[in-house]
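One structure is given here, and the rest of the page talks about it.
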2 protein chains.
Amino acid sequence: MKELSERSGVPVPSIKYYLREGLLDPGEATGATQARYDGRHVERLRLIRVLREIGDVPVARIAAVVRAVEDESLPLQDLLATAHHALGPEPPEGQPSTTRGEVLGHLRAAGWDISTKAPALDVLAAALDALRTMWGPDVGPEVFDRYAAAAFDIASTELDSVDATGGRSATVQQIIVGTVVFEQALVALRRLAQEHHSHRRFASGDAG
Amino acid sequence: MKELSERSGVPVPSIKYYLREGLLDPGEATGATQARYDGRHVERLRLIRVLREIGDVPVARIAAVVRAVEDESLPLQDLLATAHHALGPEPPEGQPSTTRGEVLGHLRAAGWDISTKAPALDVLAAALDALRTMWGPDVGPEVFDRYAAAAFDIASTELDSVDATGGRSATVQQIIVGTVVFEQALVALRRLAQEHHSHRRFASGDAG
DNA sequence: CTGATTGGATAGTTTCACTATCCAATCGAG
DNA sequence: CTCGATTGGATAGTGAAACTATCCAATCAG
């Protein structure tokens with residue numbers, strides 16, 4: 001375990017913690033006080049750290065993703081759905097708002113083929129509710145249209161670039177990493193682009 | 001205060017907490033055990049809740065934004081920069097990575113007019129570092145090009161829609177809300193679009 | 001005058017992700 | 001075989017963040 005810690009850069013107590021929480025399967029025991037770990041453990045630890053540090057995904061969700069990946073009987077389709085749901089935010093407690101149905105209807109009318117229970121719908125509905133409490137009730141789901149169009153194109157090229165020939169676990173890893181790290185990148189780039197355009201408009205000239 | 005609580009939907013102890021943390025200025029005291037709050041307090045509480053619940057912005061950062069807004073001597077330009085920085089994530093400790101300079105150079109080469117110290121650069125650099133640890137060192141900043149193009153367009157239409165005629169605090173409020181709620185919306189829409197395209201490609205037919 | 005209420009200060013709670021301590025078993029040197 | 005050091009695993013403790021609850025003195029209503 002000490003060696004695993006050195007090879008992955010993760011402290012031993014943290015590895016123990018991840019083991020307890022089921023994020024990492026135990027190495028092959030070679031005696032009561034010794035276990036053997038391999039390259040897959042190093043890989044897994046790297047994945048865990050990326051999800052934690054870049055994506056800020058809670059440990060409990062990482063565990064859910066990992067369980068789905070380990071379950072070989074789960075079809076790839078369901079696995080991807082599980083990963084997507086686990087990487088998303090907690091749906092708000094309480095019964096679904098009418099806003100939720102509103103945004104779902106709007107997207108479906110635009111031709112989007114999405115599940116009724118996607119957690120991202122709750123996020124979107126919450127965002128629309130927030131806009132309504134700030135700007136008044138006559139804000140509709142169409143405020144998101146520009147964003148939806150951009151998201152549609154981005155996701156299309158993302159899915160095009162998924163390489164399913166590398167086997168199940170490689171594909172899932174691609175999706176997971178893609179979902180969380182490119183999300184952070186997209187958000188960061190939007191902020192930077194806002195700064196750029198803001199300089200252009202209210203410009204006082206210097207950029208640094 | 002009880003009335004303020006009822007009008008805003010925020011529990012009295014939470015209002016006291018926000019008062020302590022400087023997110024809300026005290027009402028006009030009408031005696032040692034009474035204070036008068038007005039509509040601006042209700043507005044402010046709504047803003048705080050949106051930032052906390054939708055944007056998951058830490059209380060300390062909300063306080064920083066609020067202080068900048070209250071400081072009437074701060075030019076709008078600086079105010080917007082402060083808000084942007086405060087709403088972004090904490091830059092990682094330690095000296096800046098070389099990756100950071102790499103992404104900054106790449107974006108500047110593409111004509112982006114951005115500050116050297118934008119915290120979003122740290123996020124972007126961390127994302128690129130993560131990709132390199134997972135996929136190997138020959139990944140360059142150009143992996144983000146598609147996202148950068150999308151972000152550029154989105155930010156452009158966003159800045160176009162900023163209405164600066166409503167006064168300083170209204171403008172800032174627009175920027176703040178726009179930054180955090182449309183960010184959540186964009187992220188949610190990307191996930192939904194991924195689901196849509198995923199159905200289209202690996203389709204098994206039903207959509208939930 | 002008196003009993004309930006209020007604003008403000010202080011202390012406690014909960015959750016999360018670790019981090020440190022213990023402990024019994026075992027590995028290695030002699 | 002013996003004995004001290006080390007290891008994996010279980011248990012307990014830590015620190016940050018955002019509330020939440022309790023106290024307390026002052027005051028408002030009747």
Side-chain angles (χ1 to χ4, degrees), chain A residues 1-38 41 44-66 86-87 89-90 92-93 180, chain B residues 1-38 41-42 44-66 86-87 89-93 180:
Chain A
M1 191 185 274
K2 195 177 180 188
E3 190 196 330
L4 177 61
S5 166
E6 280 155 7
R7 282 209 287 156
S8 64
V10 178
V12 170
S14 298
I15 294 177
K16 290 182 175 186
Y17 171 63
Y18 295 146
L19 242 19
R20 283 199 296 283
E21 299 296 317
L23 273 63
L24 193 65
D25 54 44
E28 180 197 357
T30 66
T33 68
Q34 213 91 13
R36 183 155 303 283
Y37 302 98
D38 61 20
H41 289 90
R44 172 62 55 81
L45 279 173
R46 274 210 269 265
L47 177 63
I48 292 170
R49 295 308 268 211
V50 167
L51 293 180
R52 287 282 317 119
E53 290 168 10
I54 308 291
D56 199 32
V57 180
V59 165
R61 271 125 190 286
I62 299 177
V65 174
V66 161
L87 296 174
E90 199 84 35
E93 72 301 329
V180 310
Chain B
M1 191 185 272
K2 195 179 180 186
E3 190 195 330
L4 177 61
S5 166
E6 279 155 7
R7 284 212 285 156
S8 64
V10 178
V12 171
S14 297
I15 294 178
K16 291 182 174 185
Y17 171 63
Y18 296 147
L19 243 16
R20 282 199 296 283
E21 299 297 318
L23 274 61
L24 193 65
D25 54 43
E28 181 198 358
T30 66
T33 68
Q34 214 93 13
R36 185 153 304 281
Y37 303 97
D38 61 18
H41 289 89
V42 178
R44 170 62 55 83
L45 278 172
R46 275 210 269 266
L47 177 63
I48 292 169
R49 294 310 268 210
V50 167
L51 293 181
R52 287 282 315 118
E53 290 169 9
I54 308 291
D56 199 31
V57 181
V59 165
R61 268 121 192 287
I62 299 177
V65 174
V66 160
L87 295 174
E90 199 84 34
E93 72 299 328
V180 309

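Order of the sequence lines fixes the chain letters, A, B, ..., with proteins taken first and strands second; residue numbering starts at 1 for each chain. Computed from heavy atoms alone, side chains included, the values below leave out hydrogens, waters and symmetry copies.
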Can you check the [X] [atom1] to [N] [atom2] distance for me, whole Å?
X: B:Gln34; N: D:dA25; atom1: CD; atom2: C1'; value: 15 Å
X: B:Leu51; N: D:dC19; atom1: CG; atom2: P; value: 12 Å
X: A:Glu6; N: D:dT7; atom1: CD; atom2: P; value: 10 Å
X: B:Arg61; N: D:dA16; atom1: CZ; atom2: C1'; value: 14 Å
X: A:Arg36; N: C:dC27; atom1: CZ; atom2: C1'; value: 14 Å
X: B:Leu4; N: C:dT5; atom1: CG; atom2: C1'; value: 17 Å
X: B:Lys2; N: C:dG7; atom1: NZ; atom2: P; value: 10 Å

Residue mapping more 5' on DNA chain D - nearest nucleotide basis, A:Tyr37 or B:Ala60: A:Tyr37

Quick check against the 3.5 Å criterion: does [X] have a side-chain atom that pairs as donor or acceptor with the backbone of [Y]?
X: B:Arg52; Y: B:Val59; result: no
X: A:Arg36; Y: A:Ala29; result: no
X: B:Arg61; Y: B:Ala86; result: yes

Side-chain heavy-atom pair A:His41, A:Asp25 within 4.5 angstrom cut-off: yes

Residues from residues 13-30 of chain B lying under 4.0 Å of DNA chain C - heavy atoms: B:Lys16, B:Arg20

With sequence neighbours excluded, residues passing side chain to side chain donor-acceptor pair (under 3.5 Å) with B:Arg49: B:Tyr18, B:Glu53

Options C:dT19, C:dC27, C:dT6, nucleotide nearest the side-chain atoms of A:Pro11: C:dT19

Proximity to the side chain of B:Met1 - top-ranked nucleotide from C:dA17, D:dG8, C:dG8: C:dG8

Residue pair B:Arg7 / B:Tyr37: nearest heavy atoms and the distance that separates them: NH2-O, 4.3 Å

